[in-house]
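Down below is the structure, laid out as structure tokens.
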Amino acid sequence: MPVRLAVKDSERCVGCQLCMAACARRFGEGGFAKSAILVRSIGGFERGFTAIVCRACPDPPCARACPENALIRRKGGGVILLPSKCIGCGACVSVCPIGAIMWDEEHNKPIICTHCGYCTQYCPHGVLALEEVEWL
């Protein structure tokens, strides 16, 4: 059964950004620039933080918006980027309803979660988890 990354309990997020560092590290990068996850404040420690990550839409608007068909539907929802087809127009970023597509300034291409689950191993508070999905 296919899996997707899910935010299981956003109220437990303390803003440590370990998931972001792990995601970027998975791709061989240090820092946060290549992370497919964004942790942001929703009002500081008083109001908490939220993790923004691709929610694996069953009919992804980013794929529909791509003029070059560089985003193909992934089994389980979401998309897979075909970098060789991407022209760097950014249409995918502008149509994502939750702002989950990050941008790689160096390569002028989108950074989209692959739902590998690597980041879940580094979240000390159980905010992120892989979950099985039934739809294709």
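The structure displayed is predicted, hence computed values, not measured ones.
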Without swapping roles, check the side chain of Thr120 against the backbone of Gly117 for a donor-acceptor pair under 3.5 Å. yes
Quick check on Glu11: does its CD atom have over 12 non-hydrogen neighbours (other residues, nucleotides or ligands) under 6.0 Å away? no
Please report the shortest heavy-atom distance between Cys123 and Val127, naming the atom on each side. SG-N, 3.2 Å
May I ask you to decide if Leu5's main-chain N or O and His115's side chain share a donor-acceptor pair within less than 3.5 Å? yes
Determine whether a donor-acceptor pair (N or O, by modelled atom type, separation under 3.5 Å) exists between the side chain of Arg74 and the backbone of Ile72. no
Mind listing the closest non-hydrogen atom pair of Cys62 and Leu71 along with its distance? O-CD1, 3.5 Å
When every non-hydrogen atom of Arg55 is compared with those of Val7, the smallest separation belongs to NH1-CG2, 3.6 Å
Same cluster or not: are Phe32 and Phe49 linked, directly or through other Ile, Leu, Val, Met, Phe, Trp or Tyr residues, by side-chain heavy atoms under 4.5 angstrom apart? yes
Are Leu81 and Val95 grouped together when hydrophobic residues (ILVMFWY) are joined by side-chain heavy atoms under 4.5 angstrom apart? no
Can you name the nearest heavy-atom pair linking His107 to Asp104, along with the distance? ND1-OD2, 2.9 Å
To the nearest 0.5 Å, what is the distance between CD on Glu68 and SG on Cys89? 8.0 Å
If you round to the nearest 0.5 Å, how far is SG of Cys96 from CD1 of Ile112? 8.5 Å
If Ile, Leu, Val, Met, Phe, Trp and Tyr residues are connected whenever their side-chain heavy atoms lie under 4.5 Å apart, and connections chain through other members, are Leu128 and Val39 in the same group? yes
CG of Asn69 to NZ of Lys85, rounded to nearest 0.5 Å, is 5.5 Å
To the nearest 0.5 Å, what is the distance between NZ on Lys34 and CE on Met20? 13.5 Å
Working for side chain to side chain contact (heavy atoms under 4.5 Å, CB included), residues Gln17 and Ile37: CA-CA 9 Å; Gln17 300 178 327; Ile37 302 171; over 6 Å; no
Under 3.5 Å: donor-acceptor pair, side chain of Arg73, backbone of Pro58: yes
Same hydrophobic cluster for Val79 and Trp103, using side-chain heavy-atom links shorter than 4.5 Å among ILVMFWY? yes
Reported SG-to-CD1 distance for the pair Cys23 and Ile111, which is rounded to 0.5 angstrom: 8.0 Å
Which heavy-atom pair separates Cys113 from Cys54 by the least distance, and what is that distance? CB-CB, 3.8 Å
Contact summary for Arg26 and Cys116, nearest pair of heavy atoms: NE-SG, 3.0 Å
Val3/Glu132 under side chain to side chain contact (heavy atoms under 4.5 Å, CB included): CA gap, chis, key distance, verdict: CA-CA 4 Å; Val3 295; Glu132 292 183 342; 4.2 Å; yes
Following the transitive rule for hydrophobic clusters with a side-chain heavy-atom cut-off under 4.5 Å over Ile, Leu, Val, Met, Phe, Trp and Tyr, establish whether Val53 and Ile101 coincide in one cluster. no
Nearest 0.5 angstrom please: His125 NE2 to Asp9 CG, how far? 11.0 Å
Run the side chain to side chain contact (heavy atoms under 4.5 Å, CB included) test on Ile80 and Thr114 for me, step by step, so that the C-alpha distance in whole Å, both residues' side-chain angles and the decisive distance to 0.1 Å come before the verdict. CA-CA 7 Å; Ile80 296 171; Thr114 61; over 6 Å; no
